[in-house]
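The structure appears right after this line, and notes come after that.
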Amino acid sequence: MSKKSIAVFPGSFDPITKGHLDIIERASRLFDKTYVVILVNSEKKSLFSTQERVTMIQSVTEGLPGVEICSYSGLTIDFCREHGAGILLRGLRNEGDYAYEYPIACANRAAGGIETLFLPCDQGLSAISSTIVREFASYGGDITSFLPPAIVPLVEEKIKTTRANR
Ligand code: ADP
């Protein structure tokens with residue numbers, strides 16, 4: 001397997017949305033192996049635990065060729081090196097995403113020799129983000145159009161238990 005056929009798609013995935021899933025499905029057709037990596041950031045408070053996010057992503061990506069779900073605490077370029085991946089994959093929704101991603105892509109290439117590949121997001125999914133999902137759900141809004149169907153009840157349940165434990 002050539003080094004370039006292994007890609008890493010990192011993110012928070014809190015929770016995984018239809019936008020993320022679209023990128024993962026497309027990656028599975030482009031690369032021999034795609035690692036979907038949940039970056040563990042102890043300073044960022046997440047709705048779902050790392051293990052819950054791993055399980056959720058596994059459940060909706062089952063059967064996609066070459067897709068493996070991992071979590072990692074550290075630099076994405078170190079994960080890439082450790083797994084022989086030459087490509088870091090990011091989804092682009094708009095100019096804002098590009099402005100944010102460009103300097104990071106330059107730094108990752110300079111520091112790690114890792115190329116970033118941007119996949120333009122599907123036109124119909126550009127307004128979806130995990131942040132909007134969490135915000136909508138916390139006010140009882142309808143989140144069904146943002147998420148893979150199996151994820152909807154998990155988010156609704158999590159919001160309910162989080163509220164009850166406050
Ligand atoms: P991060 O906190 O690293 O931005 P996210 O979980 O928000 O992590 O996103 C992970 C990746 O998925 C990023 O490259 C992001 O641009 C991409 N992404 C997020 N939402 C969408 C979407 N609706 N369509 C396509 N790509 C998306």
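Just so you know, ligand 1 is whichever comes first in the structure, and atom 1 is the first atom listed for that ligand.
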Considering only heavy atoms of Pro10, which atoms of ligand 1 have at least one such atom less than 4.0 Å away? 10 (C), 11 (C)

Interatomic distance, CD@Glu101 vs OG1@Thr116, rounded to 0.5 Å, equals 7.5 Å

Might you point out which heavy atoms bring Phe136 and Asp142 nearest each other, and give the distance in Å? CD2-O, 3.8 Å

Cys121: numbered ligand 1 atoms lying under 4.0 Å from its heavy atoms: 24 (N), 25 (C)

Distance col, row Ser130:OG vs Arg53:CZ, nearest 0.5 angstrom, shows 9.5 Å

From Lys44, Arg90, Arg93, Arg53 - option closest to atom 3 (O) of ligand 1 by heavy atom: Arg90

Near Phe13, which atoms of ligand 1 are under 4.0 Å from a heavy atom of that residue? 6 (O)

Can you check whether Ile23 has an N/O within less than 3.5 Å of an N/O in ligand 1? no

Residues Asp22 and Lys18 bridged, charged N to O under 4.0 Å: no

Quick check: Ser12 and ligand 1, any N/O pair under 3.5 Å apart? yes

If you measure from each heavy atom of Leu125 to ligand 1, is any distance below 4.0 Å? yes

Just do the side-chain hydrogen bond (donor to acceptor under 3.5 Å, both in side chains) check on Glu135 and Thr131 with the steps written out, would you? CA-CA 6 Å; Glu135 186 76 5; Thr131 308; over 6 Å; no

Measure the distance from atom 18 (N) of ligand 1 to every protein heavy atom, then report the residue, atom name and distance (to 0.1 Å) of the closest one. His20 CD2, 3.8 Å

Tell me which one of Gly91, Pro15, Gly19 gets a heavy atom nearest to atom 16 (O) of ligand 1. Gly91

From OG1 (Thr17) to CD1 (Ile128), nearest 0.5 Å: 5.5 Å

With the threshold set at under 4.0 angstrom, would you say Ser126 reaches ligand 1 through any of its heavy atoms? no

Which word best sums up how the rings of Phe9 and Phe13 line up, parallel for under 30°, tilted for 30 to 60°, or perpendicular for over 60°? perpendicular

Within the 3.5 Å criterion, strictly below it, is a donor on Ser12 or Lys44 matched to an acceptor on the partner's side chain? yes

Atom indices of ligand 1 within 4.0 angstrom of Asp97 heavy atoms, with elements: 16 (O)

